[in-house]
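Inspection log for the structure reproduced underneath, given as structure tokens.
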Amino acid sequence: MNQPATPARFFALIPCAGNGSRAGTAGPKQYERVGGQPMVWHTLSAFAGVKRIARTLVVVAPGDGFFERNPTTSALVVPCGGATRAASVSNGLRELRRAGAVDNDWVLVHDAARCLITPELIDRLIDTCLNDEVGGLLAHPLADTLKLGEGGRVAGTIARDDKWQAQTPQMFRLGMLRQALEAAGDKVTDESSAIESMGLKPLLVEAGGQNFKVTYPEDFAMAEAVLRGRR
């Protein structure tokens with residue numbers, strides 16, 4: 001009699017090796033204080049609130065040192081960050097394998113600087129993608145008109161119908177994502193792009209506009225306001 005297959009587990013992978021050059025901060029933006037604590041703490045707290053997550057792995061740059069100075073997380077922190085996001089995620093997937101994850105397990109990749117994520121949104125993504133053959137990502141329907149720019153002037157208008165802003169987490173099987181990233185190379189800017197390059201179509205799971213990535217100086221004040229409103 002065949003033994004039942006081991007149920008797939010859920011792992012979180014947080015790339016945290018960027019320097020945040022567009023944010024105008026003195027150091028990596030993910031360590032700037034927002035709402036009274038480093039931005040990445042809010043991110044990790046949301047994943048800690050999802051009991052289905054078996055383990056969270058944080059990928060930091062070699063020599064980072066932040067988590068050694070602030071040892072307050074149960075996440076596995078590994079200094080294996082690469083020169084690009086794709087490289088950091090690929091390295092993180094290898095570390096998850098070392099930690100016991102297998103190809104059939106789900107991995108939720110999330111930006112450290114997307115600090116307004118909530119356990120509810122993470123659960124929505126898991127529940128929607130759990131039985132899907134591909135996986136999917138949180139996203140937000142585009143509300144603004146898009147313009148093509150050329151030399152500081154408008155060169156054209158792009159219809160916003162069916163356009164979505166990609167967010168994170170992005171949830172895919174570990175083995176599938178590893179294979180997709182190996183084939184796509186370092187130039188992809190999110191995991192869905194790598195999966196799409198294999199001819200697959202990830203699910204779009206609608207999320208609110210509050211799940212934005214803190215990128216520019218003015219974004220910090222917006223994140224502060226959202227956090228105040230949640231208290």
Side-chain angles (χ1 to χ4, degrees), residues 14-30 32 34-35 39-40 42-43 46 82-89 108-118 121-122 124-125 128-129 134-172 177 180-181 183-230:
I14 314 294
C16 193
N19 57 20
S21 57
R22 291 175 293 179
T25 55
K29 66 181 177 184
Q30 58 268 27
E32 289 291 309
V34 176
M39 192 191 312
V40 70
H42 297 288
T43 303
T84 64
R85 176 202 174 87
S88 292
V89 172
L108 286 78
V109 183
H110 184 72
D111 302 317
R114 221 175 270 275
C115 63
L116 300 176
I117 187 65
T118 64
L121 281 176
I122 298 168
R124 181 188 303 174
L125 179 68
T128 305
C129 297
V134 178
L137 64 151
L138 291 183
H140 187 55
L142 190 68
D144 297 320
T145 299
L146 287 177
K147 299 292 184 182
L148 287 172
E150 186 177 286
R153 293 183 178 274
V154 174
T157 300
I158 302 172
R160 68 185 176 208
D161 297 345
D162 300 324
K163 303 296 190 302
W164 293 68
Q165 293 175 310
Q167 298 182 354
T168 65
Q170 301 193 3
M171 173 176 159
F172 301 104
L177 182 56
L181 287 170
D186 280 354
K187 292 187 177 180
V188 292
T189 56
D190 73 347
E191 294 65 51
S192 178
S193 297
I195 296 293
E196 294 161 41
S197 70
M198 299 174 70
L200 301 173
K201 295 183 178 181
L203 286 172
L204 289 164
V205 181
E206 186 167 348
Q210 288 187 353
N211 186 31
F212 63 87
K213 185 178 181 181
V214 175
T215 304
Y216 300 106
E218 60 269 24
D219 293 340
F220 288 93
M222 292 168 54
E224 286 269 6
V226 172
L227 290 169
R228 282 199 303 271
R230 290 178 179 176

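Below, each value reflects all heavy atoms present in this structure, side chains not excepted, and no hydrogens, waters or symmetry copies. Note that the structure is a prediction, hence the values are computed from the model and not measured.
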**Report entry** side chain to side chain contact (heavy atoms under 4.5 Å, CB included) evaluation trace for Arg230 with Leu116
**Finding:** CA-CA 10 Å; Arg230 290 178 179 176; Leu116 300 176; 3.8 Å; yes
Query raised in the report: Going through the distances and angles, do Leu125 and Leu121 end up as a side chain to side chain contact (heavy atoms under 4.5 Å, CB included)?
Result: CA-CA 6 Å; Leu125 179 68; Leu121 281 176; over 6 Å; no
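Side-chain N or O atoms of Gln170 include one that pairs as donor or acceptor with a backbone N or O of Glu191 at under 3.5 Å. Counting only distance, with no hydrogens or angles, the side chain of Thr157 and the backbone of Lys147 share no donor-acceptor pair below 3.5 Å.
A 4.5 Å side-chain heavy-atom check between Phe220 and Lys29 finds at least one atom pair inside the cut-off. Looking at heavy atoms from C-beta onward, Leu137 lies out of side-chain contact with Thr168 at the 4.5 angstrom threshold. The closest side-chain heavy-atom distance from Asp111 to Gln167 is not below 4.5 Å. In this structure the side chain of Val214 never reaches within 4.5 angstrom of the side chain of Val34, judged on heavy atoms. Counting only heavy atoms from C-beta outward, the side chains of Val188 and Ser197 never approach each other to under 4.5 Å. Taking 4.5 Å as the limit, every side-chain heavy atom of Asn211 sits out of range of all side-chain heavy atoms of His140. Side chains of Arg85 and Val109 form a contact here, defined as non-hydrogen atoms less than 4.5 Å apart. For the pair Phe172 and Cys129, the minimum side-chain heavy-atom distance is 4.5 Å or more.
Of the inter-residue distances, the one linking Arg114 atom CZ with Gln210 atom CD reads 13.0 Å to the nearest 0.5 angstrom. We find the CD1-NZ distance between Ile117 and Lys213 to be 13.5 Å, quoted to the nearest 0.5 Å. In this structure, CG in Leu204 is found 12.0 Å from CD in Gln165, a value given to the nearest 0.5 Å. Distance CD1/Ile158 to NZ/Lys163: 7.0 Å, rounded to 0.5 Å. Distance check: Glu206 CD to Leu138 CG gives 10.5 Å after rounding to the nearest 0.5 Å. With rounding to the nearest 0.5 angstrom, the CG atom of Leu146 is 9.0 Å from the CZ atom of Arg160.
Within 6.0 Å of the CD atom in Glu150, the count of heavy atoms belonging to other residues, nucleotides or ligands does not exceed 12.
What you find for Ala86 and Gly185 is that their closest heavy atoms are CB-O, 3.9 Å. Scanning all heavy atoms of the two residues, the minimum distance from Cys115 to Thr43 falls at CA-OG1, 3.3 Å. Minimum interatomic distance between Ser88 and Ala17 (heavy atoms only, all atoms of both residues): OG-CB, 4.0 Å. The heavy-atom pair separating Ala194 from Ala180 by the smallest distance is O-CB, 3.6 Å. Taking all atoms of both residues into account, the shortest heavy-atom contact from Pro202 to Ile195 is CG-CG2, 3.9 Å. Across all their heavy atoms, Arg124 and Ala207 have their closest contact at NH1-CA, 4.0 Å.
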